[in-house]
Structures are given as structure tokens and as C-alpha cells.
K.L.:
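Sharing a structure here in C-alpha cells format.
Values below: every heavy atom of this structure, side chains too, minus hydrogens, waters and symmetry copies. One-based numbering, in listed order, for ligands and for the atoms of each.
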Amino acid sequence: MTFRNVSLLAVEGLAVGHGGGPPVLSGIEFRIAPGERIGLVGPNGAGKTTLLLALTGVLPAAAGGIRLDGRLLALNGFTPEIALVFQQAHDQLFCPTVAEDVAFGARNVGLGGAALDRAVAAALQAVGIASLADRPIHHLSGGEQRLACLAGVLVMSPRILLLDEPSGALDLRNRRRLIELLRGLAQAMLIASHDLELVLELCPRVMLIDDGGIVADGPAAAVLGDAALMAAHGQEIPHSLTRHVGEGHRHPVAGPTARPGKAAVAGA
Ligand SMILES: Nc1ncnc2c1ncn2[C@@H]1O[C@H](COP(=O)(O)OP(=O)(O)OP(=O)(O)O)[C@@H](O)[C@H]1O
Ligand SMILES: [Mg+2]
């Protein structure tokens, strides 16, 4: 695909593990084009969060390189252009109130005074929690905390948005709001999620990771619709890609899109 020739982010031979242990992931290679949205899927423990943490420098990579616009990044450095919404809200939120937490992100990118106030208000408004601005963080529901995390990242206007299970804990209305919000953003995104329908709605491209690496990388419907590939990695074809059988919306054993092992090309 031609868009991959113009890369905003290039990941080259990345290996990353935890606490000096053996790598969870190795030989990770992919590129993200400006504005491209990629779904990152794979079973529990496959390394989705580990990869996102490495891309933001929270978890220093053991080997390889990460380039932004061709510029090699320090493997354990903070790059405000690449921002992560954490899987666990309590890993991200730490200020006394929602507005203060979002303001922390704004200060990170040099905003102050009235510009900071405007940016904080706009970010809270965008995710639909303006009314919670002065609430203590620990008085928020799980879903509200997720939205506060997203506001805290959006306020930095990053060029690449990394989202770790963004729809986790959201009710259907807020999940829909999130999908429409993300759809309307110009940033490139890497979205780690078990919500495969959300991935299908937002991401033209999907990477499937398992067994320490990227096992498939290709068009979303081809990867997620490949029954054999998905089953081999503990996944199911998302409901909207299956041919429904019977009144109970049971999944057929193999859907019409199933083409064992052929749909996606690893490392494409
Ligand atoms: N802090 C840590 N110390 C040691 N090992 C860890 C740590 N965090 C994660 N791991 C291990 O690294 C591997 C990858 O975990 P990771 O959280 O990246 O998976 P994931 O794909 O995000 O899973 P999930 O779908 O459950 O969120 C797992 O084997 C996990 O047990
Ligand atoms: Mg995870």
C-alpha cells in the first residue's frame, strides 16, 4: 500500500521485556503513516500494552529503534508527540481533580495562562466530561476515569495517539461517543483492543500480535475475518464479519471470509 511509504513512525527490530527479563516481544517492525489508524489485537498477555509502553519510552526497549519523521528517538525518553492513554486509569491519573490532571498534560507541551485554561476546557468538552472538571479523581466512576485519561492526552495534541483498551469500562453511549470522537481526529492512532467491532469501525489496518511478534499485518477485514488465523491466536471473528446462522446469532464454524492463514501478511 502506497501510504506506508510515507512513514510518520517507523519501528525497527524492537525488542522489549519487563524488568530485565527475557523479551516479551522481539523483531517488531512496522510503520505508521500520518493519520493512519491501526488496530492492535492479540490474546491476553501477547504484549499489546508492552509495545505501547515501549513506544512512549515508559518501558525502555532492549534493542531496536523508533523513528519519528526519520529522527531516532531515545528508547527511554518522553516524546510529547506520542501520547498513550493507559489501560489502567490509575496508572495515568494522579492529580487531585480532573481539571488539574488534564492541565498537567497541557503544561507538558508548554501551555500556560488563558491558553492552558482554554485547552483544558476544550479537551474535557471533547470527551463529554466538562461537568466533572472540579471533581476529585477518586470520586469518578471507572468509565469517567477513562474519559479523563483521554482528555489528558488530547490536550497535548499529540501526533500519534496510542490507546490501550479505550472502550474498557465505557457504557454504550460513551463508547459510541469515543468512536465518533476518534473518527474525527486527524492524528495517527494505534489502538490496542479486544473490542474488535470498535477496531473494525475505526481501523482500516490491523496488526495481530502473539508468540512474541507480529503474526499478521494487513487490511482489517482480511485479518479479523480470517477464521483459522484468529482461532490459532485465541481470537474469534467479530460478529459483524460472520455469516449469522439460526435465530440465536450463532457463529458458524468457519465464516464465508475464512481463508486459513492467507488473509494477512506478517510484517507487511
Ligand atoms: N510489570 C511487569 N513485569 C513483568 N512481566 C510483565 C509486566 N507487565 C506485563 N508483563 C508480562 O508481559 C507479557 C505481556 O503483557 P501485556 O500486558 O503487554 O499483554 P497485553 O497483550 O496487553 O494483554 P491484555 O490483553 O491482557 O491487556 C505478559 O506475559 C505479562 O505477564
Ligand atoms: Mg494490555
K.L.:
State whether Thr50 contributes an N/O/S atom found under 2.8 Å from the Mg ion (ligand 2).
P.N.:
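Under 2.8 Å: Thr50 has no N, O or S contact with the Mg ion (ligand 2).
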K.L.:
Within the distance-only criterion (no hydrogens, no angle test), does the side chain of Glu29 pair as donor or acceptor with the backbone N or O of Gly13 below 3.5 angstrom?
P.N.:
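Side chain of Glu29 to backbone of Gly13: a pair is present.
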K.L.:
So which bit of Lys48 gets within less than 4.0 Å of ligand 1, heavy atoms only: side chain, backbone, both or neither?
P.N.:
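Contact part for Lys48 vs ligand 1: both backbone and side chain.
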K.L.:
Taking the side chain from Glu165 and the backbone from His194, do they hold a donor-acceptor pair closer than 3.5 Å?
P.N.:
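Yes.
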K.L.:
Using a 4.0 Å cut-off to any heavy atom of Val24, which atoms of ligand 1 qualify?
P.N.:
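Every atom of ligand 1 under 4.0 Å from some heavy atom of Val24: 12 (O), 13 (C), 14 (C).
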K.L.:
Answer yes when Arg205 and Asp217 have at least one side-chain N-carboxylate O distance shorter than 4.0 Å, and no when they do not.
P.N.:
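Looking at Arg205 and Asp217, the cut-off is met.
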K.L.:
Give the minimum heavy-atom separation between Ala83 and Val153, together with the two atoms involved.
P.N.:
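Where Ala83 meets Val153 most closely, the heavy atoms are CB-CG1, 3.5 Å.
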K.L.:
Does the distance from a Lys or Arg side-chain N to an Asp or Glu carboxylate O, for Arg175 and Glu197, drop under 4.0 Å?
P.N.:
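Judged by the 4.0 Å cut-off on N to carboxylate O distance, Arg175 and Glu197 do not form a salt bridge.
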K.L.:
Decide, yes or no, whether a salt bridge links Arg183 with Glu201 under the criterion of side-chain N to carboxylate O below 4.0 Å.
P.N.:
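The answer is yes: the pair qualifies as a salt bridge.
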K.L.:
Note the single closest protein heavy atom to atom 8 (N) of ligand 1, along with its residue, its atom name and the distance in Å.
P.N.:
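Ranked first by proximity to atom 8 (N) of ligand 1 is His18 CE1, 3.3 Å.
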K.L.:
Using a plain distance cutoff, I'd like to know if Glu165 has any nitrogen or oxygen under 3.5 Å from a nitrogen or oxygen of ligand 1.
P.N.:
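Such a contact does not occur with ligand 1.
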K.L.:
Tell me: protein heavy atom nearest atom 17 (O) of ligand 1, and distance?
P.N.:
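Ranking protein heavy atoms by distance from atom 17 (O) of ligand 1, first comes Thr49 CB, 3.6 Å.
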K.L.:
Is it the side chain, the backbone, both or neither of Asn44 that has a heavy atom closer than 4.0 Å to ligand 1?
P.N.:
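For Asn44, backbone and side-chain atoms both sit under 4.0 Å from ligand 1.
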K.L.:
Measure the distance from atom 13 (C) of ligand 1 to every protein heavy atom, then report the residue, atom name and distance (to 0.1 Å) of the closest one.
P.N.:
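So the nearest neighbour among protein heavy atoms is Gly45 O, 3.6 Å.
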K.L.:
For Thr50, take its heavy atoms, then give the atoms of ligand 1 lying under 4.0 Å from any of them.
P.N.:
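Within the 4.0 Å cut-off of Thr50, ligand 1 contributes 14 (C), 15 (O), 16 (P), 18 (O).
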K.L.:
With a 4.0 Å cut-off on heavy atoms, is Pro43 in contact with ligand 1?
P.N.:
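It does, in that a heavy atom of Pro43 comes within the 4.0 Å cut-off of ligand 1.
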K.L.:
Could you walk me through whether Thr97 and Asp134 pass the side chain to side chain donor-acceptor pair (under 3.5 Å) check?
P.N.:
CA-CA 6 Å; Thr97 68; Asp134 298 322; 5.4 Å; no
K.L.:
The Mg ion (ligand 2) and Thr49: any N/O/S contact shorter than 2.8 Å?
P.N.:
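Thr49 does place an N, O or S atom closer than 2.8 Å to the Mg ion (ligand 2).
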K.L.:
Atom 30 (C) of ligand 1: protein heavy atom closer than 4.0 Å?
P.N.:
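No; the ligand atom in question lacks any protein heavy-atom contact below 4.0 Å.
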K.L.:
Is any N or O atom of Gly47, backbone or side chain, closer than 3.5 Å to an N or O atom of ligand 1?
P.N.:
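The answer is yes, given that Gly47 and ligand 1 share an N or O pair closer than 3.5 Å.
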K.L.:
Would you mind listing which atoms of ligand 1 come within a distance below 4.0 Å of any non-hydrogen atom of Gln87?
P.N.:
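Heavy-atom distances to Gln87 below 4.0 Å select 27 (O).
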K.L.:
Determine whether any protein heavy atom is located less than 4.0 Å from atom 25 (O) of ligand 1.
P.N.:
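Yes, because at least one protein heavy atom sits under 4.0 Å from atom 25 (O) of ligand 1.
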K.L.:
Using only atom types and a distance under 3.5 Å, with no angle test, would you say the side chain of Asp101 pairs donor to acceptor with the backbone of Cys95?
P.N.:
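It does hold such a pair.
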K.L.:
Non-hydrogen atoms of Ala46 versus ligand 1: any pair closer than 4.0 Å?
P.N.:
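In this structure, Ala46 qualifies as a contact of ligand 1 - some heavy atom is under 4.0 Å.
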K.L.:
When clusters are formed by joining ILVMFWY residues with side-chain heavy atoms under 4.5 Å apart, either directly or through shared neighbours, do Phe104 and Val109 land in the same one?
P.N.:
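The answer is no; the residues belong to distinct hydrophobic clusters.
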K.L.:
Taking the side chain from Gln125 and the backbone from Ala122, do they hold a donor-acceptor pair closer than 3.5 Å?
P.N.:
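Answer holds: no.
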